[in-house]
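This report concerns only the one structure given below.
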Amino acid sequence: MSAGDRRVRGRAGLPIFIACLSLAPLAAAASFSAGAKGSSTAQFLQLGAGARGEAMGQAYSAVADGADALYWNPGALSLVRCCEAQFMHAPYIDASYYDSANYAQRLGSGVLGLGLQYFSAGPQEETDAAGNRLGRFTPNDLAVSAGYGTLVEAGPLNGLSAGLAGKWVRSRLATTAQTAAVDAGILTPAMLDGRLRLAFTATNLGGTMKFDATKESLPLAYRLGAAFQLLPDWTAAVDAQFPRNNNTLVAVGTEYRWRSGPDFGAALRAGYNTVAARDVPGFTGFSFGLGLIFGKLSFDYALVPLGDLGLTHRLSVGVRFGCPSEPAAVAVQSQPPPEPQAPPPPPAPITVGRAFQMPVGITLSPASTVLGPNASQGFSAAVTGTQNQAVFWSLAPALGSISPEGVYTAPAVIPTNRTVIVTATSQADPTQTASSQVRLKAPEKVEVRLRVNFDTGKSFVKPEYDEDLRQVAQFLADYPSSKAEIEGHTDNVGGRAYNLRLSQRRAEAVRQEIIDRFGAAGRRLTAVGYGFDQPIASNFTVAGRAQNRRVMASFSAIKDESDAEPAAAPAAAPAAAPAAAAAPAAVPAARPFAAPPVAPRKHVVVAGDTLWSLARKYYGDPRLWTKIKQANPALALSGQLEAGMVLVIPEPDQP
């Protein structure tokens, strides 16, 4: 999704969120009262899920982006890209403990989430009304949840992530009670250049538990949340919660993430929540935590002081799997599956009674054909031995469709080469069939990748990459629908702001080379600098930093019939040769390389240009301005830059 798309979706989702923002306090005021405080049961439903959210003080409804989003905000499930599983264990007060487990995977256009919460109060003494001991029992609570979150891409809700979850809750005390409830949540798209997200949730809607003759409600609550990205690695969040059984609660939290290469990362977290600070004496309300990432494994820890009750700990383990794999550098067309065997020939002629009858036979044409997506082919069935020429049509496997008239239409999408058997069955004699083969040909995906490395602190594109840039220009000419983002990256030498500017200059330099020197269409190329936030190697070694100083881009397209190589004209036969000796058609020749010749580097002077700024732009070193002056004799004589003047920009190693 482009930055423009995100901004449009942000504007579309904001009015919906503002409506929720105004309705939540009104709903709380209308439904909750002072008499409702402390009246809810199943309080374990408010203990959270996962150590990451707890470490941020439960200011997490707009931050959640993994399997634990099922608990915090079902709408945020749409952010899950892989299959994820997460398990948390939390030793609680005295012998009690709390566990949670969550799982999420993509299903259709959204994400399915499954969750479990279990709280045990530990062994307890059971007595009768007279105080006599009856033994020991363990009170416990259990909740099982299932939800679905998806990104809305049409209508007035376009751009919002919305989700719904149902849960079954059981509490076992001296007696057992159970009920069902619903959670709902929405998450706006990223706004303010991707830095802000807003969230709204409603949890534990409906459901009451009956213990003997007493009915108690679940802890219904509305929550409003916001997450703001202070820096690329630093996030701050705030949640306001309106619970049925308490006053309004406020939670604030922050998280700082650091990554070293694609397989290791760490995070520091802290938060503050008014619920514990208000209800428990002593040092409480604060929470602290850290996280570690090793490839697809993650470990998170949270420390939550509960004042005079002591310290509580939460430990989470997460694993990701089934993630979309990186595309191969060169797409290879998949091989077709084995061809199905043709049906057996029709049986021998039959006799009815003593009179011999002409056997029914059927033939089908064409015998085989090759089709691409949405292409059609008409089949003709000829039935002999009867006046009934009608036939039934069938497909095996059922890919595409065939009309009663025998016109077969291929599917709109053919991911791999397949073969379909079209069968015609005689209505006069259903034992008589004829078959033809339709080979479905998947469009060929073609791809080219670009990688350009740079010297430290420089944004000059070295001549050694000319052939790579020429191939990109040729690819863009061959496939007019292809487009790409050119990414600029740096090592970690220098500050963040400096490296962001340097990476942007590198991306723009490569883009301009492809446009100016090789004739590519500029509207199909965008340049974005990412600084040092996406290393592909360790920045602690010289070799690793050299790999990180790069510009990368990937171009892909689907090759259709219009992109096929033109066939060469057949060679003319000699005038004296007879017609029967005509030469066969020549094999189609490969398309010649048609990229334009390399043009010299040129620059049209605009207002504000100086030799110093041009040397910095093209070479990354303003001290090389004399090379530009020496390569332009007219400039050497006048000494002045004038708007509209065309300058030749030499290579750095040329005089």
Side-chain angles (χ1 to χ4, degrees), residues 1-9 81 153 190 193-194 232 262 323-333 413 415 442-454 459-490 499-537 547-560 562-564 591 593-596 598-599 601 617-618:
M1 184 186 299
S2 67
D5 293 335
R6 289 193 293 268
R7 287 193 291 271
V8 171
R9 286 187 172 178
R81 290 292 173 265
E153 297 186 295
D193 292 328
C323 299
S325 59
E326 290 293 330
V330 177
V332 179
Q333 182 175 352
V413 177
E444 180 183 355
K445 182 179 180 181
V446 289
E447 187 175 45
V448 63
R449 290 193 173 190
L450 175 67
R451 177 168 171 174
V452 178
N453 286 89
F454 293 83
S459 59
F460 176 78
V461 183
K462 300 176 184 178
E464 65 190 73
Y465 295 106
D466 280 354
E467 183 61 27
D468 297 327
L469 302 181
R470 186 200 299 269
Q471 291 182 9
V472 169
Q474 178 67 61
F475 186 91
L476 293 172
D478 288 344
Y479 303 100
S481 62
S482 61
K483 59 180 65 175
E485 176 185 280
I486 298 177
E487 304 175 2
H489 304 274
T490 67
N499 278 288
L500 280 173
R501 292 193 299 269
L502 177 59
S503 64
Q504 185 68 35
R505 289 201 308 271
R506 287 174 174 172
E508 290 176 350
V510 171
R511 176 181 181 271
Q512 212 60 39
E513 287 282 290
I514 299 173
I515 296 171
D516 292 347
R517 303 181 67 207
F518 299 96
R523 68 181 183 280
R524 292 157 59 192
L525 299 172
T526 57
V528 179
Y530 290 93
F532 51 60
D533 290 332
Q534 298 182 14
I536 59 174
Q547 293 184 56
N548 292 331
R549 297 191 297 269
R550 72 200 188 279
V551 162
M552 302 180 68
S554 178
F555 303 81
S556 62
I558 298 297
K559 185 175 182 180
D560 55 28
S562 63
D563 298 319
R591 176 183 297 183
F593 188 77
V598 178
R601 298 174 186 267
K617 174 180 178 180
Y618 288 102

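Side-chain atoms are counted along with the backbone in the values below, which use heavy atoms only and exclude waters and symmetry mates. Note that the numbering runs from 1 along the sequence shown for the chain. Since the model is a prediction, treat every value here as computed from it, not as a measurement.
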- Note on the structure: Residues Ala509 and Ser459: closest non-hydrogen pair is CB-O, 3.4 Å
- Message: I need the Glu487 CD to Thr526 OG1 distance, nearest 0.5 Å.
- Response: 9.0 Å
- Message: Nearest 0.5 angstrom please: Asn453 CG to Lys462 NZ, how far?
- Response: 7.5 Å
- Is a side-chain donor or acceptor of Arg470 paired with a backbone partner of Phe518 at a separation under 3.5 angstrom? no
- Query: So how far is it from Leu469 CG to Arg511 CZ, rounded to the nearest 0.5 Å?
  - Reply: 13.5 Å
- Side chains of Glu508 and Gln504: is there a donor and an acceptor less than 3.5 Å apart? yes
- Note on the structure: One should read off an interatomic distance between Leu500 CG and Tyr530 OH, to the nearest 0.5 angstrom, of 11.0 Å
- Task: For the residue pair Val452 and Val461, establish whether any side-chain heavy-atom pair is separated by less than 4.5 Å.
- Result: yes
- Item | Least distance between heavy atoms, Ser554 atom then Ala484 atom | O-CB, 3.5 Å
- Query: For the residue pair Gly488 and Ala507, what are the closest heavy atoms and their distance?
  - Reply: N-CB, 3.8 Å
- Straight-line distance of Leu525 CG to Gln512 CD, nearest 0.5 Å: 10.0 Å
- Query: How would you list all residue pairs meeting salt bridge (charged side-chain N to carboxylate O under 4.0 Å, His left out) that involve residues 518-537, not counting sequence neighbours?
  - Reply: Arg496-Asp533
- Note on the structure: Interatomic distance, CZ@Arg451 vs OH@Tyr465, rounded to 0.5 Å, equals 8.0 Å
- Task: Please check if the side chain of Thr490 supplies one atom and the backbone of Gly531 the other of a donor-acceptor pair under 3.5 Å.
- Result: yes
- For Arg550 and His489, indicate whether the former's side chain and the latter's backbone hold a donor-acceptor pair under 3.5 Å. no
- State, yes or no, whether a side-chain contact exists between Leu476 and Val472 at a heavy-atom distance under 4.5 Å. yes
